[in-house]
Protein chains: 2
Amino acid sequence: MSEAPPRPRGRPARNDRPVEETREAILSAALDIFSRRGFEGASLRDIAAAAGLEHSLVRYHFTDKAGLWRAAMSHLIALMDAHMLESWRTARTQPPVERFRTMVRAYVRYCARHPEHARIMVHETMGDSDRVTWIAEHIIAPQHRALTRLLETLMDEGHIPRSPVRPLIYILSAAAQAPFTLAGEVRAAYGADTSSAAEIEAHTHALLGLVLR
Amino acid sequence: MSEAPPRPRGRPARNDRPVEETREAILSAALDIFSRRGFEGASLRDIAAAAGLEHSLVRYHFTDKAGLWRAAMSHLIALMDAHMLESWRTARTQPPVERFRTMVRAYVRYCARHPEHARIMVHETMGDSDRVTWIAEHIIAPQHRALTRLLETLMDEGHIPRSPVRPLIYILSAAAQAPFTLAGEVRAAYGADTSSAAEIEAHTHALLGLVLR
DNA sequence: TCCATTTTAGTCCGAATGGGCAATAATGCT
DNA sequence: AGCATTATTGCCCATTCGGACTAAAATGGA
């Protein structure tokens, strides 16, 4: 009579991983799964499994599904800031047109490396959960504030046609994200891998060539 | 002792709705829910409820969740064709630049009216289900084939900068869709309703002004 | 009129979900 | 050495999921 092996309940002898590494593994997995399935569609068990853990541990570290979502968003903002910081420092000493080029190049590279970002925006922008409010306040507003001044300068100097800024911002950021957000579509329709360096460069070039003439 | 009202099992006396109307109600609800939650996240019960029916009826009409998805996609293509047909007829007699203007105007209006479309593309482009293959073949390929010829003519005539077509197509279509796919974000960040006629016109104008100079 | 077909709703099932909680090994403070 | 805290797992719960099946009213042809 083979009894089901009564694995003892408590903490496993699984030591060696630094404390912070567990939290980060969970947050990375959460960004991936949330971007793929949306908030409701994502399951704590899938997120935990993607990080190689049990779902109770996710709840231990982040209390709630909602709490995990907020922590994952803060993590995403930190990733973005880290990625853009250097380019932002380079750009601030450049004249407007070059500054724009530098920022677009950096942003396209960021979109290619973190397609979860744009996907999460698409997911969370539906319905009127409090999550969309959080995103608008903590992510969209600062981003757009920074872009608005630069775009107005470019219009004043005649490098881009005069136009209300908001449509322009959405045109530019969506254009920058597209081939990476839709990477699977491009792969299925063209057999191309848009995350390659050559594709990133080609996309940046096409976008800058269209906007600055 | 109030017995739970034993609603008889069978078909309710709910007559009067034309047969085809039930199917269409289900398909419209399916497009909405699929675009909001993705394939796995969407529940037949939610789709049925959105159409005012029981979930068994959805399975009666479309057998499967996968079958419903395919039927909903065909329905979406029919909606798109119906919306674009008239503009396409107008455009074919026009010179290239005007033809481009006509097509962009029509496409932006379509994106505003059917934001589900772009949202579904974002959802289904993740992972490599057979659904992304279906979409690439039945939706993306014909769309891009039609656009490619027009864009090459515009480049030959010097109206847009010379560039590989694929990046250009993704830039243009993402730019056309953005404010409507992200309608909730725009509402939360700016308090604006991008589905209004004025917003649609402003967006079209900004896009055409940037592309054709 | 009768009866087969079509269209609808209700119910049961096994699996998965978010959350609550107990058990317990590791760690670190005193 | 002893003890509180931290980090982790296993298990239980009510709810919901997709799907299979049953019950029955409406419809239309014979």
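In what follows, every heavy atom counts, from backbone to side chain, and hydrogens, waters and symmetry copies are set aside. Since we're looking at a predicted model, the values are computed, not measured.
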Interatomic distance where [atom1] belongs to [X] and [atom2] belongs to [N] [whole Å]:
| X | N | atom1 | atom2 | result |
| --- | --- | --- | --- | --- |
| Arg37(A) | dT17(C) | CZ | C1' | 13 Å |
| Glu21(A) | dT8(D) | CD | P | 11 Å |
| Ile47(A) | dA16(C) | CD1 | C1' | 15 Å |
| Glu54(A) | dC11(D) | CD | P | 10 Å |
| Phe62(B) | dT7(C) | CZ | P | 11 Å |
| Leu68(A) | dG19(C) | CG | P | 10 Å |
| Leu57(B) | dG19(D) | CG | P | 15 Å |

Open item on the list: With a cut-off of less than 4.0 Å, is there a side-chain N or O of Tyr60(A) near OP1 or OP2 of dA7(D)?
Closed with: yes

Task: All pairs passing ring pair (Phe, Tyr, Trp, His ring centres under 6.0 Å) where residues 172-210 of chain B contributes a residue, at least two apart - done: His144(A)-Tyr190(B), Phe180(B)-His203(B)

- [ ] State, yes or no, whether a side-chain contact exists between His117(A) and Met80(A) at a heavy-atom distance under 4.5 Å.
- [x] yes

- [ ] Ignoring hydrogens and angles, answer whether the base of dG19(D) and the side-chain atoms of Ser56(B) contain a donor-acceptor pair closer than 3.5 Å.
- [x] no

Task: Glu199(A)/Arg166(B) ion pair, N-O < 4.0 Å - done: yes

Task: Nearest to side-chain heavy atoms of Arg59(A), which nucleotide of dG19(C), dA20(D), dT8(D) - done: dG19(C)

Check the interface with nucleotides 15-17 of chain D: list each N/O to N/O pair with the protein under 3.5 Å, or write none.
{"from": "dC17(D)", "atom 1": "OP1", "to": "Ser43(B)", "atom 2": "OG", "distance (Å)": "3.4"}

- [ ] Pick base, sugar-phosphate or nothing for His55(B), based on heavy-atom distances below 4.0 Å to the nucleic acid.
- [x] base

Can you give the donor-acceptor pairs under 3.5 Å from side chains of residues 85-94 of chain B to other protein atoms, not counting sequence neighbours?
{"from": "Thr90(B)", "atom 1": "OG1", "to": "Glu86(B)", "atom 2": "O", "distance (Å)": "3.1"}
{"from": "Thr93(B)", "atom 1": "OG1", "to": "Thr90(B)", "atom 2": "O", "distance (Å)": "3.2"}
{"from": "Gln94(B)", "atom 1": "OE1", "to": "Thr102(B)", "atom 2": "OG1", "distance (Å)": "2.6"}

- [ ] Taking all non-hydrogen atoms of both residues into account, name the closest pair between Ile47(A) and Ile26(A) and its distance.
- [x] CG2-O, 4.0 Å

TODO: Please determine, by modelled atom types, if Tyr60(A) and Glu54(A) share a side-chain donor-acceptor pair under 3.5 angstrom.
DONE: no

